[in-house]
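Working notes, structure below.
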Amino acid sequence: MLQQTQVTRVIERFEPFMTRFPTPAALAQAEEETVLALWQGLGYYRRARMLQRAAIDIVERFAGEVPLEVPSLMSLPGVGRYTAGSIASIVGKARTPIVDGNVSRVLARLYEDDRPPDDPEVVSDAWARAEQLVDACLDPATLNEGLMEFGALVCTPATPQCNICPLQDQCAAKAAGRQREIPVAKRQTKKVTMHHHAIVIRRGGKTLMHRRAKGGLWAGLWQAPAIETGRRLTTTSLLEASELPLADVEYLTSTTRLLTHRRVHLHVHRGVLRPRVRCPQGADQRWMAALDLEAAPLSNAAREVLGLAAEMK
DNA sequence: AAGGCGTGGGA
DNA sequence: TTCCCAAGCCT
């Protein structure tokens with residue numbers, strides 16, 4: 001959960017998830033939809049699927065016990081060098097380094113490393129420096145947690161608290177007065193603009209919902225049926241493009257979501273089915289009552305769309 | 001190896 | 001408003 005996600009955001013999700021899935025075996029046996037439901041709103045939903053696959057692996061290959069060695073951990077889906085190092089050092093007490101976003105920043109400043117932090121050679125150097133520290137330290141678990149916490153609370157990205165920093169006399173960036181400009185900003189991926197034309201259809205207190213494809217954005221999550229294009233559609237062309245048996249669509253409102261790599265304009269419509277037609281239900285299309293919607297895995301974007309449609313009623 | 005993959009808080 | 005960035009990983 002903590003991969004690319006702030007601690008404060010994870011805290012509220014951790015207990016419910018662990019209560020529902022207290023062991024790898026419990027997670028391994030669950031329906032994917034149940035796992036996604038407890039993950040909804042957290043983002044990066046692939047993590048949830050990979051975590052469940054890791055649980056299955058742990059049951060099958062490690063007798064249900066989470067391995068505590070870096071190579072075994074890294075053989076699990078979704079577990080990279082950082083996650084493996086964290087578990088091995090903090091849980092397994094192994095003398096192994098970790099480099100996350102925080103540690104990377106702390107080290108860059110400490111050594112006045114002004115190279116682009118995502119460059120493979122710079123990453124490799126950061127791991128080597130972290131390894132030096134963990135080899136020299138008293139307690140690897142405390143060092144690793146401490147480095148991350150230090151980065152999150154003191155050696156922060158925009159305005160580091162150098163005045164209270166215990167390393168201010170040893171920091172090369174501070175000595176050069178460059179702590180604000182190191183590390184250099186990562187190159188941002190350009191946001192591609194997308195238009196999602198959502199059609200909210202209600203009948204008898206239920207809402208027609210559609211499950212997104214297994215790959216790509218919001219994979220496997222539910223949403224109001226939508227047409228996704230690079231350019232905005234008129235209601236007329238939307239009506240033509242939709243495969244639903246619609247009598248009419250009415251435009252309600254729009255909103256925008258900014259993702260890491262995408263700017264998604266969500267255009268909310270109300271759809272009216274042709275009278276007396278049946279909407280085919282299947283694995284990927286269902287009528288959902290309010291209670292179903294609560295329990296189903298929806299992205300926050302999909303929930304916003306439903307909320308906006310309800311407001312405009 | 002560069003880009004896909006969410007969401008929200010803070011500057 | 002807009003941009004940056006989070007306890008990264010996979011392809």
Side-chain angles (χ1 to χ4, degrees), chain A residues 1-14 36 39-51 53-54 73-91 96-108 116-124 126-127 130 141-153 155-161 180-192 194 196 212-221 223 255-264 266 297-305:
Chain A
M1 283 184 179
L2 286 164
Q3 291 168 357
Q4 290 287 281
T5 303
Q6 289 171 335
V7 175
T8 51
R9 188 129 303 282
V10 166
I11 285 175
E12 55 207 37
R13 305 313 205 89
F14 184 73
L36 283 174
W39 203 276
Q40 67 170 309
L42 255 185
Y44 287 153
Y45 299 96
R46 187 176 53 170
R47 294 178 297 175
R49 277 187 296 278
M50 288 193 295
L51 182 59
R53 273 188 257 139
L73 285 161
M74 284 189 68
S75 76
L76 299 170
V79 178
R81 197 171 173 189
Y82 158 74
T83 304
S86 295
I87 297 171
S89 67
I90 297 172
V91 184
T96 192
I98 60 172
V99 176
D100 74 331
N102 292 304
V103 177
S104 162
R105 179 175 59 255
V106 170
L107 293 174
D118 47 354
D119 181 289
E121 189 179 334
V122 180
V123 172
S124 167
W127 278 92
T142 306
L143 174 82
N144 285 341
E145 275 202 276
L147 273 177
M148 289 189 289
E149 197 72 1
F150 176 66
L153 298 181
C155 198
T156 50
T159 51
Q161 311 294 305
R180 293 290 299 267
E181 56 189 83
I182 293 178
V184 298
K186 276 185 282 194
R187 194 169 43 81
Q188 289 304 107
T189 58
K190 200 171 123 205
K191 289 184 187 354
V192 176
M194 293 287 301
H196 289 201
R212 295 183 62 87
K214 305 234 68 167
L217 189 62
W218 296 309
L221 301 191
Q223 65 178 31
T255 184
T256 302
R257 316 253 342 163
L258 257 49
L259 316 185
T260 305
H261 58 305
R262 204 142 295 188
R263 182 186 308 275
V264 183
L266 298 160
L298 273 66
S299 70
N300 280 7
R303 288 203 182 277
E304 186 184 4
V305 164

Side-chain N,O (A:Q4) to OP1/OP2 (C:dA6) below 4.0 Å: no
Check your understanding: Judged by atom type as modelled, is there a donor-acceptor pair below 3.5 Å linking the side chain of A:R262 to the main-chain atoms of A:M194?
Key -> no
The side-chain hydrogen bond (donor to acceptor under 3.5 Å, both in side chains) partners of A:Q4 (sequence neighbours excluded) come to none
In whole angstroms, the gap separating P of C:dC4 from CD of A:Q6 amounts to 16 Å
Whole-Å distance, A:R105 CZ to C:dA6 C1', equals 9 Å
Taken in chain and number order and not counting sequence neighbours, the residues that satisfy side-chain hydrogen bond (donor to acceptor under 3.5 Å, both in side chains) with A:S299 are none
- Message: With a cut-off of less than 4.0 Å, is there a side-chain N or O of A:R262 near OP1 or OP2 of B:dC5?
- Response: yes
Between A:R9 and B:dG9, is there a side-chain N or O to OP1/OP2 distance below 4.0 Å? yes
Can you check whether A:Y44 has a side-chain N or O nearer than 4.0 Å to OP1 or OP2 of C:dC10?
-> no
### Message
Can you tell me if A:K186 has over 12 outside heavy atoms packed within less than 6.0 Å of its NZ?
### Response
no
Taken to the nearest whole Å, CZ/A:R263 to C1'/C:dT1 is 11 Å
DNA chain C nearest-nucleotide lookup for A:M50 and A:V7: closer to the 5′ end is A:V7
Between B:dG9 and C:dC9, how many Å separate the two C1' atoms, rounded to a whole number? 23 Å
To the nearest angstrom, the CD-P distance between A:Q3 and B:dG6 comes to 13 Å
Atom CD of A:E304 and atom P of B:dG6 are separated, to the nearest Å, by 16 Å
Between B:dG6 and C:dT1 - P atom distance, rounded Å:
25 Å
Sequence neighbours excluded, the answer for salt bridge (charged side-chain N to carboxylate O under 4.0 Å, His left out) partners of A:R47 is none
Point to revise | Sugar-phosphate only, base, or nothing, as touched by A:L42 at under 4.0 Å among non-hydrogen atoms | key: base
Quiz prompt | Any A:N300 side-chain N or O less than 4.0 Å from OP1/OP2 of B:dG8 | solution = yes
Sorted by chain and number, sequence neighbours left out, salt bridge (charged side-chain N to carboxylate O under 4.0 Å, His left out) with A:E145 holds for none
Verify the contact: side-chain N or O of A:W218 to OP1 or OP2 of B:dT7, cut-off strictly under 4.0 Å; return yes or no. yes
**Message:** Suppose we call a contact any N or O donor and acceptor under 3.5 Å apart; does that hold for the side chain of A:R46 and the base of C:dC9?
**Reply:** yes
Just checking A:T5: base, sugar-phosphate only, or nothing, at a heavy-atom cut-off of under 4.0 Å? base
Assign each of A:Y82 and A:G78 the nucleotide of DNA chain C bearing its closest heavy atom; nearer the 5' end lies the nucleotide of A:Y82
Mark yes or no for a side-chain to base donor-acceptor pair under 3.5 Å between A:S299 and B:dG6, with no hydrogen or angle criteria applied. no
The residue, A:R180 or A:T260, whose nearest nucleotide of DNA chain B is more 5′ is A:T260
What one should report as the nearest heavy-atom pair of A:W127 and A:V99 is CH2-N, 3.5 Å
*Base, sugar-phosphate, or nothing: which does A:L217 touch, judged by heavy atoms less than 4.0 Å apart?*
sugar-phosphate
Inset, instruction - Please state the C1' separation for the pair C:dG8 and B:dA1 - nearest whole angstrom. - result: 16 Å
Please measure how far the C1' atom in B:dG8 lies from the corresponding atom in C:dC10, and state the result in whole Å. 24 Å
For B:dC5, does OP1 or OP2 lie under 4.0 Å from any side-chain N or O of A:H261? yes
Residues at least two apart in sequence or cross-chain that pass side-chain hydrogen bond (donor to acceptor under 3.5 Å, both in side chains) with A:N300, listed by chain then number, are none
- prompt: What integer number of Å spans the C1' atoms of B:dC5 and C:dA6?
  reply: 14 Å
### Query
A:T83 side chain N/O closer than 4.0 Å to the phosphate oxygens (OP1, OP2) of C:dA7?
no
In whole angstroms, the gap separating C1' of C:dC10 from CG of A:D118 amounts to 16 Å
Contact class for A:V79 (heavy atom, under 4.0 Å): base, sugar-phosphate, or nothing? sugar-phosphate
In this structure, CZ of A:R46 is separated from CD of A:Q3 (nearest 0.5 Å) by 9.5 Å
Of all heavy-atom pairs linking A:A141 and A:I90, the shortest is CB-CA, 3.9 Å
Rounded to whole Å, CZ of A:R49 lies from P of B:dG6 at a distance of 8 Å
Separation of C:dA7 atom C1' from A:D100 atom CG, nearest Å, is 5 Å
Between A:T189 and A:L259, whichever has its closest DNA chain B nucleotide further toward 5' is A:T189
Looking only at B:dG9, B:dG6, B:dA11, the nucleotide nearest the A:A158 side chain is B:dA11
So, with a heavy-atom separation below 4.0 Å from DNA chain C, the residues of residues 142-152 of chain A are A:M148
